Amino acid sequence: MQDKDTWSGRFAEPVAELVKRYTASVGFDHKLAMYDIQGSLAHAQMLAACDIISIQDLNDIKRGLGQIENEIISGEFVWSLDLEDVHLNIEKRLTTLVGDAGKRLHTGRSRNDQVATDVRLYLRHETGELLGLIKALQSALLDLATQHTHTIMPGFTHLQVAQPISFAHHLMAYFEMLKRDAERLQDCRKRINRLPLGAAALAGTSYPIKREYVADLLGFDGVCENSLDAVSDRDFAIEFTACAALIMTHLSRFSEELILWMSPRFGFIDIADRFCTGSSIMPQKKNPDVPELVRGKTGRVTGHLVALLTLMKGQPLAYNKDNQEDKEPLFDTVETLTQTLRIYADMITGIKVKPDAMRSAALQGYATATDLADYLVKKGLPFRDAHEAVAQAVRFAEQRGCDLGDISIAELQQFSMHIVEDVYQVLSLEGSLASRNHIGGTAPNQVAAAIVRARASLAK
Ligand code: ARG
């Protein structure tokens, strides 16, 4: 059979060139080749175990697929557009290499359950890799946090100075986000790891197959229970992409902060030169390109999520060619997330912290005003009255252009007679931090304990 005549049995004329190019997926789905071979080997083994093909056929198929694998790895394999996709390319080559045994491989199988299996094998593998990369980034965050439980910076709400926190505490917020991200991926993996093979085109097959046997061989946790669902739904890919979009969203927020912190207006950190570029016109510039691109690429991954959801929404059961469009968004999601996580872990290691700038920023925005209010409450004032008294004190300080800690006792007493000498402990940044001494608080000993727990969780 000539390449161009794949459907010659049924069709009166060859497929138009333009249509061939429009419908072919081999240009991108060749990425699934190794999983396609893995799936075919397991399928063939089952066919032989169930006496559907002979042992001789099985051995020929194994030999042929082994050679094809080598040809793909070495780059010798010739991908043909005429053969539409990765599946037909490999099957055709197999038949050329081993004859009739190659033609028997597709017994009891359809490209519909075959491609669904390949995508699941691919995604399972990539999920494992991504989980490792998340861990590496978490570990880099912990290394940096460990050094900064006493490094004080302003915590913000509405991007206005709110209360003092430690830099370590801030970093640990991202550790927590990534921890949930990893949990989500692990959970998603359970639903990825189900075998579609055996569903055939849509209704199952009349051959006496053993689906559980194939599932075992391929390391799946079980089989997809309904053949129509098995070949048609891509919810596992959508779910994966949602997990990926969320990870990117977290890193985008972090990137936004790194960009702000590196701006001379903040000057809290410096990012190592190898993650920045200069300007072609302004010689003084050092731009945080990597975090900016992470922020930008987040839009792209979110776009892939929307693309996949939209791809699915109008499809009647069971398989439709629309599903071929799942691959490029999915591959690009994996690629983008993989590169982002890899580069991020390295970038965190290269962050230079500027504690003096952080500290002076924390001193500028009346960050201990809440502490003063809490102090008055502890002396017996209702919180709302304390809030009012401190608001007046802040206004006073603002007019004078000084900090709360620079106001004398006599002057502070205009706002409340409950204020005495011990107030200055409360007004210090260190005092403010140390007082938030509960689980989840910014007190240095609490954050240090959180880091210890976090490290233990990574070792699991
Ligand atoms: N290339 C196709 C895809 O990615 C494989 C399945 C084709 N099935 C079919 N009935 N045309 O979805």
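Fair warning: this is a prediction, and the values are worked out from it, not measured in the lab. Every number for a ligand or one of its atoms is a count from 1 in the order of the listing.
By the 3.5 Å distance cut-off applied to N or O atoms, D85 is counted among the residues near ligand 1. At least one N or O atom of K327, backbone or side chain, sits closer than 3.5 Å to an N or O atom of ligand 1. Ligand 1 has no nitrogen or oxygen under 3.5 angstrom from a nitrogen or oxygen of N323.
In this structure, R124 satisfies the cation-pi test against F220, with its NZ or CZ atom closer than 6.0 Å to the six-membered ring centre and inside 45 degrees of the ring normal.
Neither the backbone nor the side chain of Q114 comes within contact range of ligand 1; no heavy atom lies under 4.0 Å.
Under a 4.0 Å criterion applied to the non-hydrogen atoms of Q324, ligand 1 contributes the atoms 1 (N), 2 (C), 3 (C), 4 (O), 12 (O). Under a 4.0 Å criterion applied to the non-hydrogen atoms of S25, ligand 1 contributes the atoms 1 (N).
Between H170 and W261, the ring planes lie perpendicular to each other; the angle is over 60°, past the 30° to 60° tilted range. Ring-plane geometry between H148 and F167 is classed as perpendicular, the angle between the planes exceeding 60 degrees on a 0 to 90 degree scale with a lower cut at 30. Between H30 and W79, the ring planes are tilted. Angles from 30° to 60° get that label.
Of the listed residues (T157, T370, T368, T442), just one forms a side chain to side chain donor-acceptor pair (under 3.5 Å) with Q163, and that residue is T370.
With hydrogens left out, the protein atom closest to atom 7 (C) of ligand 1 is Y319 OH, 3.5 Å, a heavy atom. For atom 10 (N) of ligand 1, the closest non-hydrogen atom of the protein is N112 OD1, 3.0 Å.
With hydrogens and angles ignored, the 3.5 Å screen pairs no side-chain donor or acceptor of D216 with any backbone N or O of Y213.
Between E84 and ligand 1 there is no heavy-atom distance shorter than 4.0 Å.
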